Amino acid sequence: MDGPTKAFLANAAAEAADLAASSDLLHIQPGPGSLPDRYLITYCCNGVFKDGATVNTRLGTFALGIWFPPDYLRYADPQKVLTWLGPMNVFHPNIAFGLPVVCLRIEPAQRLGDIVHAAYDLVRYAKVTMDERDALNPEACAWARDHTAEFPVDRRPLRRRQVVIRSRGMMKKEGGAQ
Amino acid sequence: MDGKSITVAGLGTIGSYLVELLLRRSGIGRLLLVDPDSYSESNLRNQHIGRRDVGRPKVAAVARRLAELRPDVEVIPLVSAVEKMPLGLLRCDAILGCTDSRASRRYLSEAAVHLGVPFVDAGVLALPALARVTIYAPAPEAACLQCSWSPEDYAQQEQTYPCSRAASPSSGTPAWLGAIAAGMQVAALERALRAGGPDVSQEIVLDPHSGRSIETKLRRHNGCRFEHRRWTVGKVGGVDITLGQLLGGTPVGRARCAAIRVEHHAVVLDRICTTCGRRVRVLRLAERPGRLRTTCKGCGAATAVAGMNLTAELQFADLRRGELRRTLKAMGVAEHDILALVCADGAEHHVEVGPGPDRGA
């Protein structure tokens, strides 16, 4: 592994830890090794699904795989770098229905954090293509054009701390005292 | 330039003129032509071809013409993108780049540094009419193509998106400009092959209308994203050698081989059924699927390859028992591919896959 790539992977590992600590919508599982080159990203947020003939928006868990090949700093093949891991009934113009393929523009050396944010914007319909010629799911594209008022389907920012509401009667201290 | 082996990548506006200029002078013993495309009707306007070449693979059409011109020269046509050809085929005396692809140029530049081969790249700009030739010296301390690249240059490389349906536009470069660039490239090749070769990379840009030219010496950029590392490439037996033989039969120095890479290739570990999620172990180069079964044995649905099921480096510790008997050929490895044998202490040794059956280390 060359020096620039080692430095990039070290930064990515630090970024992953920082992101995971700053979001309750996100879980990041790094691959093995001290300099992991792949990550499993899991989002818990609202998305759009198609079950049979029914399209609906609901809370779900979405998984994306990211692999940084050895030449990632110089050439980014999105079909190698990104893998859609599920659910397979997600309904989105940029995600092939039933296949592990997602269409998201990435550039060489693009940081892990940028990819994670861009994918989140994609899942929640904050970033979506409306042109069938650029879509992996033309049916979802047509649906999106009729529902733009609902977007994004999840308005929460990725970086957020869970708000803990302490209110009399809502939470008990340890030991039972209020 | 006696008996030199030259590779020409790209047979379009520049390359179609270049190859004849090369063979009309002495000194070339072997010419490897690489281009994945075929000539079309529109190419008659600005490329050095005849009507009988339309519809034929570019390398085949050019090879036939060159055979008539110089039957004494070995001309090898290869219908392939440079990124997909066995890397060892680029071990020659010089690489001449005539492609219109940034990604291909970058690839050739990296291969040239690794293999210690001078890389002479040519390009043209239709408006204003400019012809450019760049000689990249093979020395690790010399500038490479990427030493002058900005983040925008990297971002502008051609990529294949799964949703992309846009056709690439054809070049509007006039034929005379391509011919001028080809002539400049031949002159640059002679400089590159002079005894001792160049130790500094340099670029020449010519404005044919005014006759002015600018020559620039290029400097190595310390922050270059590409680590300039020259390989020392040995030989290893043919494609029938097994992974187990590479592990056990080829001890490198004092350390045995702990992992293997097929340079510039990714290995597919598994294909996944898109319906039932069943995984099928594949262990094959991603760009050479061969006749792999693409349907699930369990439910018959299509299987797919995903990035997370690829690896650049195959760790022997992760191989299953039966997989040690897997041959390089079964993995899709071809003659002239270059392997990196990675030792447990991190040292790497590069070998080129040779012809014929393996006879041991």
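Just so it is clear, the model here is predicted, and its values are computed rather than measured. Letters go in sequence order (proteins before strands), and every chain restarts at 1.
- Between the side chain of A:Arg38 and the backbone N or O of B:Met308 there is at least one donor-acceptor pair closer than 3.5 Å.
- Annotation: A:Arg145, atom CZ; neighbour count of heavy atoms from other residues, nucleotides and ligands within 6.0 Å is above 12.
- B:Arg229 and A:Met1 get closest at one heavy-atom pair: NH2-O, 4.2 Å.
- Judged by distance alone, with hydrogens and angles left aside, the side-chain atoms of B:Glu227 form a donor-acceptor pair with the main-chain N or O of A:Gly3 at under 3.5 Å.
- Atom CZ of B:Arg321 sits in a sparse spot, with 12 or fewer heavy atoms from other residues, nucleotides or ligands closer than 6.0 Å.
- In this structure, chain B has heavy atoms under 4.5 Å from both the backbone and the side chain of A:Ala109.
- Heavy atoms closer than 4.5 Å to chain A are found in the side chain of B:Arg106, but not in its backbone.
- For B:Glu110, the part lying under 4.5 angstrom from a heavy atom of chain A is the side chain only.
- Contact annotation for B:Ala312: both backbone and side-chain heavy atoms come within less than 4.5 Å of a heavy atom of chain A.
- Exactly one of B:Tyr107, B:Tyr154, B:Trp149 qualifies for a side-chain contact (heavy atoms from CB on, under 4.5 Å) with A:Arg74. That residue is B:Tyr154.
- How far CD1 of B:Ile272 is from OG1 of A:Thr83: 8.0 Å, rounded to the nearest 0.5 Å.
- Of all heavy-atom pairs between A:Pro108 and B:Gln157, the closest is CG-NE2, 3.9 Å.
- Shown here for B:Gly307 and A:Trp67, the closest heavy-atom pair between the two residues is O-CE3, 3.7 Å.
- Contacts with chain A were tallied for B:Val305, B:Leu310, B:Asp153; B:Leu310 has the most, counting heavy-atom pairs under 4.5 Å.
- Of the two parts of B:Arg261, neither the backbone nor the side chain holds a non-hydrogen atom closer than 4.5 Å to a non-hydrogen atom of chain A.
- When heavy atoms are compared at a cutoff of 4.5 Å, B:Glu348 approaches chain A solely by way of its side chain, counted from C-beta outward.
- The part of A:Tyr39 that comes within reach of chain B is its backbone (N, CA, C, O), which places non-hydrogen atoms under 4.5 angstrom from that chain.
- B:Arg225 places a side-chain N or O within donor-acceptor distance of the main-chain N or O of A:Leu73, the cut-off being under 3.5 Å.
- Put simply, the side chain of A:Glu107 never gets that close to the backbone of B:Pro151: no donor and acceptor are under 3.5 Å apart.
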